[in-house]
Each structure stands twice: as structure tokens, then as C-alpha cells.
Amino acid sequence: MQDTTLPSNDKALCAFAHELADMARSISMQYFRTELDVLEKDDLSPVTIADRTVEAAMRERIVQVYPDHGIYGEEQGQQGLDRAHIWVVDPIDGTKSFVTGMPTFGTLIAHLEEGTPDLGLISIPPTGECWTGQAGKPTTFGDFRCVTSGCTSLADARFYTTSPDIFDETGLRCFEALSRRARMRRFGGDCYAYGLLASGHVDAVFEMDLQPYDYMALVPVVEGAGGVITDWQGRPLTLESDGRVIAAATRELHREMLEIIATVS
């Protein structure tokens, strides 16, 4: 069951994050598998009225409850990033999945204190699944604690990336070097793959070209389940990271992947 000994402030933040996730789910499911106009942003990624409506509702609620906190969102930009507390939100992570009817998109919610993510949620609206990570606490999947698989070797690993299309030339070379050594490689999932890693079903995830709203919520979830998540040089993920993300079930697997990246990049 979820830990009930958290300090009151941590409890309040966690409860509020779940409130945001529930609200996001209610709104996004009204649009899921309906006729939608899909627009292209400057980076050619898709966006819908659902993305924008969900984020607007979350931002409004954050301002109501925590007016002194900053916000970093995918659709409506940044405000107050110089503040001690910042919420980083992705209303629909996996918009391509969303617009094609795949039930694997998620809502990502992170709380940062002094730039460090101390709370993260991966919420999957179509299924009602939710992973919750808090700094120094075990990750939970619903009401139950979850842990990574314990896989220590790439040869035994179940390896995921959202799509090989996300990689540039160097990234694709690293991806091939890693994934061809793995026991199994699969594609898709977006944030879902990181939740599955936390629950022990996936052993490694490798991606690039992510934004802070794509990865900040993942950090407490993966780490609280016993996994490791960093950039491709093994550095902690921050708002200033370059979007190259590697996650592994164990430190041994993570180290092996970093060594391979260093030899081929």
C-alpha cells in the first residue's frame, strides 16, 4: 500500500498532483477516438484541442492552489522558472498515439523543488493506470509498490524506444548498437514504457529529442522503483538537459549501455 508517513506538505503536493491527473483524464477522454483537427507545431509534432484544453485546465488549477509556483508546460510555455517550486506538465504525452486511437498516451506531471524533481506522475487515461514517484520513497503503481526487474545485462534486456524516427545519425548508430544486443526490442509507448520499466516489465528505454515536460516526471518514478535514468553521459536530468534520455532497470545495465554509447557516438 502507499506510504502514509509522508510529511504533510509532501502529502498535499502528491494529492494535488493526483487531482490534476484525474482532471486531465476526464478532459482527454472526452476527445479520445473522436474526430479531431490535428495541427502541426513549429517542430512538426502534432497538437490537438485536447492537448491545449487539458493543459489550460491544469495551469488554471495550479495558479489557483499554488499561485507562487512556476509552470513549465508543453503547449503554453513557461512562467516563473526562477521560483523555488515549479510544476512541469505534459497534457498528452504521445499525441500521435492519441490521434490514432492507441490507448498508450499519458499525462505527465512533475513537481520540482530548487530544480530537482521530487514528485512525478505517469497517468494513462484510457486504462486508469498511474505510477507515482516521490524522492526518497518507493514508487507505487496504484496502491502497490513496484520495483524494476533487476536485469543486469543488455543481452537479457527487453529494450524500448518510442520510434527509431526520433534519432539523428549519431543517435541511430547508438540505438542500433544497443538494441541489436538486447534480447528483445520493441517500439512505441512514449511515457508508458517508463512506467512498465518501473513495474519490471521493460528493462531499458533509450530516446533522444525529448523536452523537460517529456522526462522530468519520469525521474522520481524510475528511481523510486530501483532503476536509473540519466542523459547519455550518465548525468542527472534537469531542465537544461539536451533531451537524450536513457533508463535502465539496474545500475549494471545502465553502465553497460553507457559504455556502448561511448564507443559508437
Side-chain angles (χ1 to χ4, degrees), residues 93-94 96-97 102-106 108 117 120 122 124 127 129 131-133 138-141 144-210 214-238 241-265:
D93 181 78
K96 291 179 181 177
S97 294
M102 289 290 290
T104 55
F105 69 90
L108 296 175
I122 303 173
I124 311 298
T127 64
E129 295 169 292
W131 287 267
T132 304
T139 294
T140 56
F141 176 60
F144 300 94
R145 179 176 179 176
C146 60
V147 295
T148 58
S149 67
C151 176
T152 59
S153 171
L154 190 56
D156 297 323
R158 297 156 293 185
F159 184 101
Y160 258 79
T161 195
T162 295
S163 169
D165 294 339
I166 65 177
F167 297 108
D168 60 17
E169 183 178 348
T170 300
L172 189 60
R173 189 163 58 246
C174 293
F175 164 72
E176 289 291 339
L178 291 167
S179 66
R180 293 300 182 185
R181 287 174 169 84
R183 176 164 66 92
M184 177 192 304
R185 71 175 193 173
R186 300 292 296 169
F187 306 104
D190 300 290
C191 63
Y192 206 173
Y194 296 87
L196 295 175
L197 187 148
S199 287
H201 306 298
V202 170
D203 305 305
V205 186
F206 182 72
E207 300 191 287
M208 71 174 295
D209 201 28
L210 302 186
D214 295 315
Y215 60 74
M216 294 309 293
L218 310 176
V219 175
V221 172
V222 171
E223 292 182 344
V228 183
I229 182 168
T230 67
D231 69 10
W232 291 6
Q233 284 72 48
R235 298 172 299 205
L237 295 172
T238 70
S241 294
D242 64 7
R244 301 183 179 214
V245 173
I246 178 174
T250 62
R251 293 194 179 280
E252 293 87 349
L253 178 57
H254 180 259
R255 185 181 308 114
E256 180 184 356
M257 293 172 69
L258 289 180
E259 289 172 353
I260 293 171
I261 292 170
T263 64
V264 299
S265 60

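Along the sequence shown, residues carry numbers from 1. What you see is a predicted model; the values in this text were computed from it and never measured.
Closest heavy-atom contact between Asp203 and Leu253: O-CD2, 3.3 Å. In plain terms, the two heavy atoms of Ala182 and Ala157 that are nearest each other are CB-O, 3.6 Å. Among all heavy-atom pairs drawn from Thr127 and Glu129, the shortest one is OG1-OE1, 2.7 Å. Residues Met257 and Ile246 share a closest heavy-atom pair of CB-CD1, 3.4 Å. Closest of all the heavy-atom pairs between Trp131 and Cys146 is CD1-SG, 3.8 Å. Shortest non-hydrogen contact noted between Thr238 and Tyr215 is O-OH, 2.6 Å.
Looking only at atom types and distance, the side chain of Ser153 has no donor-acceptor partner in the side chain of Glu252 under 3.5 Å away. Remark: the Asp231 side chain and the Ser241 side chain contain no N/O donor-acceptor pair separated by less than 3.5 Å.
The distance from atom CG of Leu108 to atom CE of Met216, rounded to the nearest 0.5 Å, is 11.5 Å. Expressed to the nearest 0.5 Å, how far CG of Leu218 lies from CG of Asp93 amounts to 7.5 Å. Taking CD of Gln233 as the reference point, atom OG of Ser265 lies at 7.5 Å (rounded to 0.5 Å). Atoms CZ and CG, on Arg251 and Leu258 in that order, are 11.0 Å from each other to the nearest 0.5 Å. Here the CD1-CG distance, from Ile122 to Leu196, works out to 9.0 Å after rounding to the nearest 0.5 Å. The line from CD1 of Ile124 to CZ of Phe105 is 8.5 Å long, rounded to the nearest 0.5 Å.
Between Phe167 and Phe206, the distance from one ring center to the other falls under 6.0 angstrom.
With a 6.0 Å radius and a threshold of 12 heavy atoms from other residues, nucleotides or ligands, Arg173 has its CZ atom above the threshold. Heavy atoms from other residues, nucleotides or ligands lying under 6.0 Å from CZ of Arg183 number more than 12.
Taking the side chain as every heavy atom from C-beta outward, Arg145 and Thr139 never approach each other to under 4.5 Å. Taking 4.5 Å as the limit, some side-chain heavy atom of Leu154 sits within range of a side-chain heavy atom of Ile260. Contact check for Leu178 versus Phe159: side-chain heavy atoms found under the 4.5 Å cut-off. Two residues are said to be in side-chain contact when any heavy atoms from C-beta on lie closer than 4.5 Å; Val219 and Val222 fail this criterion. Inter-residue side-chain proximity for His201 and Leu197 is flagged as unmet; no heavy-atom pair is nearer than 4.5 Å. By the 4.5 Å heavy-atom criterion applied to side chains, Tyr192 and Tyr160 are not counted as neighbours. Taking 4.5 Å as the limit, every side-chain heavy atom of Thr230 sits out of range of all side-chain heavy atoms of Pro236. In this structure, Ser163 and Phe187 have side chains that are not in contact, with every pair of non-hydrogen atoms separated by 4.5 Å or more.
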*Any chance you could lay out the side chain to side chain contact (heavy atoms under 4.5 Å, CB included) test for Phe141 and Thr132, step after step, and finish with the verdict?*
CA-CA 7 Å; Phe141 176 60; Thr132 304; over 6 Å; no
*Report the C-alpha distance between Met208 and Phe175 in whole Å, list the side-chain angles of each, state the deciding distance to 0.1 Å, and finish with yes or no for side chain to side chain contact (heavy atoms under 4.5 Å, CB included).*
CA-CA 10 Å; Met208 71 174 295; Phe175 164 72; over 6 Å; no
*Evaluate the side chain to side chain contact (heavy atoms under 4.5 Å, CB included) criterion for residues Tyr194 and Ile229: first the C-alpha distance (whole Å), next the side-chain angles of each, then the deciding distance (0.1 Å), finally the verdict.*
CA-CA 10 Å; Tyr194 296 87; Ile229 182 168; 4.1 Å; yes
*For the pair Cys191 and Asp214, evaluate side chain to side chain contact (heavy atoms under 4.5 Å, CB included) and give the outcome as yes or no after the intermediate values.*
CA-CA 8 Å; Cys191 63; Asp214 295 315; over 6 Å; no
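The pair Asp168-Arg244 counts as a salt bridge, with a side-chain nitrogen and a carboxylate oxygen less than 4.0 angstrom apart. In this structure, Glu176 pairs ionically with Arg185, as a charged nitrogen and a carboxylate oxygen lie closer than 4.0 Å.
Under the 3.5 Å distance criterion, the side-chain polar atoms of Ser97 are left unmatched by any main-chain donor or acceptor of Thr104.
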